Amino acid sequence: MSRANEEVEAVLQEYADLIAISGGEGFRARAYEKAARAIGGHPADVAGMGVDGLREIPGVGRSIAAKVVEYLRSGRIGEVERAREEIPAGVRELIAVPTLGPRKAMVLHEELGISSVDQLAEAVRAERLRDLKGFGERTEENILHGIDLLRRAGGGRVLISTAMDEAERIVAALLAVGGCVRCAYAGSLRRMRETIGDIDVLVAAERAGPFMDALAALPDTAEVIAHGGKKTSVRTREGLQVDLRVLPPESWGAGLQYFTGSKAHNIRTRRIAVRRGLKLSEYGLSDAETGRTVASETEEEVYGRLGLPWIPPPLREDRGEIAAELRGELPELVEERDIRGDLHTHTDLTDGLAPLEDMVAAAAARGYAYYAVTDHAPDLAMQRMTAEKILAQRARLRALDRRHRGMRLLHGTELNIGPDGGLDWPDDFLAGFDVCVASVHSRFDQSPEALTRRIVRACENPHVKILGHPTTRRIGRRPGLDADFDAVFAACARTGTALEVNSHPERLDLCDEDILRAKRYGVRFAIDSDAHSTTHLPYLRYGVGTAQRGWLTADDVINTWPLTRLRRFLAKGRGRA
DNA sequence: GCCGTTTTCGGCCCGACTGTTTTCAGTCG
């Protein structure tokens, strides 16, 4: 997604929050929210667009288009600036705490003068909230729990998508600097961890100075934290730290290996080096006695001299990858190019942003062999789905399918798993879909026993082929369900239900560790984007990264299979109805 | 603030849950 769209989305969302906090008209706040989302998910770059072009985006009218133009020209919006003066930034921060919304945030600010999460935590500890109308003991507990979640999952870390966008911009800029032999990001980003603390960027070049200067001069760089001969650290406007290291070209492989980590993986590789009379550092693999370098230019050489094949970065977590490699049992990991189609996506018939035709065209452009459209079923009442509407969509999709050579369209739905495990369409209606995803969207607080029964029952429905975002966690917002997932994984294996690896950067659900656990039950997986706009289809890379961290092969993942094999999987068990 | 085979006003995605209340406001999906 382009940078301007993201910036505009952020500033409009901020304005929506400020309107809501200041007690403005609710529909006005929602109009800004809607426009923010629409621009964020709009496929074309809004930079350089005029009022007329902007107004063609659904949800953007005269007033918002004018504000966006003002922002694109000057980097600021007068009305937003005025709203910022009224409401301290810290008050807006409060609504990031789960269970706190704009109304409560304003009460806390007006009655107690609270304008930061730290002050809020302190006020709860001092029991100052209890006397406020609408606040009680449970509210205090929920707020403390919410702050804890925010800090634990956040902890200064950002979502992988945020870090990836930034890292790719930086790498592209540094590749353009004269004398650049190689440039890449390393660290936890290269290992595809779900959240990223800081970005490590490496350059191979003879002279370091020009790259250090180039990084410091990037428009995203807010401040230079450290500026040395070998390493420069900056903080971006989004508060993300970037460490740049420039290596001599002959040390590239050793440096990349060292700075990719993880620390635990490196300790293990260094130990192997020692046993072979070698010493491994960021400058190279060398003979412990003579100091002569024996390998350093590529990672393959470094691993090779340690008696190992090259190990893909997502596996470098010291989870037994080296021992497995030595036994010749390291999996051949699924890769993004193995993915033949997406099996969980939405359109504007429910809460997606783009029409069916646009989503299908964007999927075709990605070279997919098949593509499933899975809009929400009626239980998510806000989507107002009906049998008539989804059947009309099916007719449109079938007609579209006839026009698309090379890509087959599948008609599906994302069902809601009710509190008792029931689904929101009867079995005979479900039989008409090519693929049914079923997911939990509410009632997260049931007992572990009830949650487990509920999910297992949904998997036992013969029409359910994919369990969508199985734990329903949202990174930094909500923990996963407290269900017995070993029982769920066993049920999926028994019923032929694939577990989703949802690729949305806020979800990544299942996560790497759950995938490792589930795989032992012999379950299949589906790596899906859960796209709500054409710009979300590429999120798939994060799902693939997560799957790699979970040691999945292409064969484990049903949407790497040819369509005939996938269809057999989707049809299996339907006789049990 | 946006939108319109309801077109310049009057609707706007709706329902459930929670914790606080004693009839409902706030939050969430």
Side-chain angles (χ1 to χ4, degrees), chain A residues 11-13 15-39 51 54-68 70 77 79-80 83 94-109 124 129-146 149-150 346-353 375-386 389 414-420 424 439-446 468-469 472-474 476-479 481 502 504 506-507 509 530 532:
Chain A
V11 74
L12 293 179
Q13 179 62 52
Y15 192 44
D17 289 344
L18 295 177
I19 292 167
I21 293 169
S22 65
E25 159 96 61
F27 286 115
R28 206 170 140 249
R30 243 175 288 165
Y32 278 98
E33 245 167 42
K34 199 176 160 205
R37 209 169 92 87
I39 290 173
V51 168
L54 287 163
R55 288 194 64 179
E56 282 176 25
I57 301 173
V60 179
R62 184 193 308 278
S63 168
I64 292 181
K67 289 187 178 71
V68 173
E70 183 186 351
I77 298 172
E79 278 189 47
V80 177
L94 298 181
I95 66 174
V97 178
T99 74
L100 272 192
R103 302 250 76 95
K104 283 202 164 86
M106 197 54 182
V107 170
L108 291 168
H109 178 236
V124 175
L129 265 55
R130 301 199 173 174
D131 304 329
L132 294 178
K133 189 172 158 58
F135 289 75
E137 263 183 69
R138 292 304 304 273
T139 316
E140 291 181 339
E141 278 173 35
N142 288 340
I143 288 174
L144 282 185
H145 179 65
L149 257 180
L150 199 64
H346 297 272
T347 74
D348 62 359
L349 184 61
T350 55
D351 57 351
L353 292 165
D375 273 314
H376 289 289
D379 261 10
L380 263 78
M382 60 181 170
Q383 310 300 349
R384 292 179 160 176
M385 180 54 85
T386 61
K389 282 162 85 172
E414 183 184 11
L415 299 159
N416 180 53
I417 302 176
D420 59 353
D424 36 0
S439 325
V440 171
H441 297 102
S442 58
R443 297 297 305 271
F444 310 121
D445 59 333
Q446 290 177 314
H469 44 75
T472 80
R473 71 142 176 191
R474 288 184 60 208
R477 300 289 301 173
R478 189 172 68 215
L481 297 173
N502 188 295
H504 194 289
E506 267 187 23
R507 291 193 185 269
D509 181 11
D530 196 359
H532 284 65

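This is a predicted model, so every value here is computed, not measured. Just the heavy atoms: all of them, side chains too, but no hydrogens, waters or symmetry mates, feed the values below. So that the names make sense, note that chain A is the first sequence line, chain B the second, and so on, each numbered from 1.
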Visitor: Could you tell me whether A:Thr99 contacts a base, only the sugar-phosphate backbone, or nothing, with contacts defined as non-hydrogen atoms closer than 4.0 Å?
Guide: sugar-phosphate
Visitor: Sort out for me which residue in A:Thr472, A:Asp379, A:Ile417, A:Asn416 forms a side chain to side chain contact (heavy atoms under 4.5 Å, CB included) with A:His441.
Guide: A:Asn416
Visitor: So what does A:Arg130 touch, heavy atoms closer than 4.0 Å: a base, only the sugar-phosphate, or nothing?
Guide: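 Result for A:Arg130 = nothing.
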Visitor: Could you give the distance separating B:dT6 and B:dG11 at their P atoms, to the nearest angstrom?
Guide: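 So the two P atoms sit 15 Å from each other.
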Visitor: Has the side chain of A:Arg103 got a donor or acceptor atom that lies under 3.5 Å from a matching backbone atom of A:Ile21?
Guide: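 Answer holds: no.
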Visitor: What is the distance from CG of A:Asp379 to C1' of B:dG29, rounded to the nearest Å?
Guide: 13 Å
Visitor: When the C1' atoms of B:dC12 and B:dC17 are considered, how many whole Å apart are they?
Guide: 23 Å
Visitor: With ring centroids as reference points, do A:His469 and A:His504 lie under 6.0 angstrom apart?
Guide: no
Visitor: I need the CG-C1' distance between A:Asp375 and B:dC13, as an integer number of Å.
Guide: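 The distance from CG of A:Asp375 to C1' of B:dC13 comes to 14 Å, rounded to the nearest Å.
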Visitor: Would you measure the distance from the C1' atom in B:dA25 across to the matching atom in B:dT21 and give it in whole Å?
Guide: 10 Å
Visitor: Would you kindly give the CG-to-P distance between A:Asp17 and B:dG26, to the nearest whole Å?
Guide: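 For the pair A:Asp17 CG and B:dG26 P, the rounded distance is 16 Å.
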Visitor: Nucleotides 1-3 of chain B: which of its N/O atoms have a protein N/O under 3.5 Å away?
Guide:
from: B:dG1; atom 1: OP1; to: A:Arg28; atom 2: NE; distance (Å): 3.4
from: B:dC2; atom 1: OP1; to: A:Gly61; atom 2: N; distance (Å): 2.8
from: B:dC2; atom 1: OP1; to: A:Gly61; atom 2: O; distance (Å): 3.3
from: B:dC2; atom 1: OP1; to: A:Ile64; atom 2: N; distance (Å): 3.0
from: B:dC2; atom 1: OP2; to: A:Ser63; atom 2: N; distance (Å): 3.4
from: B:dC3; atom 1: OP1; to: A:Gly59; atom 2: N; distance (Å): 2.9

Visitor: Does a side-chain heavy-atom distance below 4.5 Å link A:Thr139 with A:Leu132?
Guide: no
Visitor: Is there a side-chain polar atom (N or O) of A:Asn142 under 4.0 Å from OP1 or OP2 of B:dT18?
Guide: no
Visitor: Using side-chain heavy atoms (C-beta onward) and a distance below 4.5 Å, is A:Leu380 in contact with A:Thr350?
Guide: no
Visitor: What is the distance, rounded to the nearest whole Å, between atom CZ of A:Arg103 and atom P of B:dT21?
Guide: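 Computing the A:Arg103:CZ to B:dT21:P distance gives 17 Å.
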Visitor: Mapping A:Pro419 and A:Glu140 to their closest nucleotides on DNA chain B, which lands nearer the 5' end?
Guide: A:Pro419
Visitor: For the pair made of NE2 in A:His469 and P in B:dG29, what is the distance, rounded to whole Å?
Guide: 11 Å
Visitor: Whole angstroms only, please: what is the NE2-C1' distance between A:His346 and B:dG29?
Guide: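 In whole Å, B:dG29 C1' lies 13 Å from A:His346 NE2.
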Visitor: Sticking with atom P, work out how far B:dC2 lies from B:dC13, rounded to a whole angstrom.
Guide: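 The same atom, P, in both gives a distance of 14 Å.
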Visitor: Evaluate the side-chain proximity of A:Pro98 to A:Arg478: yes if any heavy-atom separation is below 4.5 Å, no if none is.
Guide: no
Visitor: Ignoring hydrogens and geometry, is there a side-chain-to-backbone donor-acceptor pair from A:Glu414 to A:Ser439 under 3.5 Å?
Guide: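 Here the side-chain-to-backbone pair does not exist.
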Visitor: Using Watson-Crick or G-U wobble geometry with both distances under 3.5 Å, which nucleotide pairs with B:dC28?
Guide: B:dG15
Visitor: Is there a side-chain polar atom (N or O) of A:Arg474 under 4.0 Å from OP1 or OP2 of B:dC28?
Guide: no
Visitor: In whole Å, what is the span from the CG atom of A:Leu100 to the C1' atom of B:dA25?
Guide: 14 Å
Visitor: Reckon A:Thr139 has a side-chain N or O less than 4.0 Å from the OP1 or OP2 of B:dT20?
Guide: yes
Visitor: Nearest-Å distance, CZ (A:Arg443) to P (B:dC28)?
Guide: 18 Å
Visitor: Using atom C1' of each nucleotide, how far apart are B:dT20 and B:dG26 to the nearest Å?
Guide: 10 Å
Visitor: Show every salt bridge (Lys or Arg N to Asp or Glu O under 4.0 Å) that has at least one partner inside residues 23-32 of chain A, sequence neighbours left out.
Guide: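 The answer is none; no pair qualifies.
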Visitor: Using atom P in both nucleotides, what's the gap between B:dA16 and B:dT22 to the nearest angstrom?
Guide: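 To the nearest whole Å, 24 Å.
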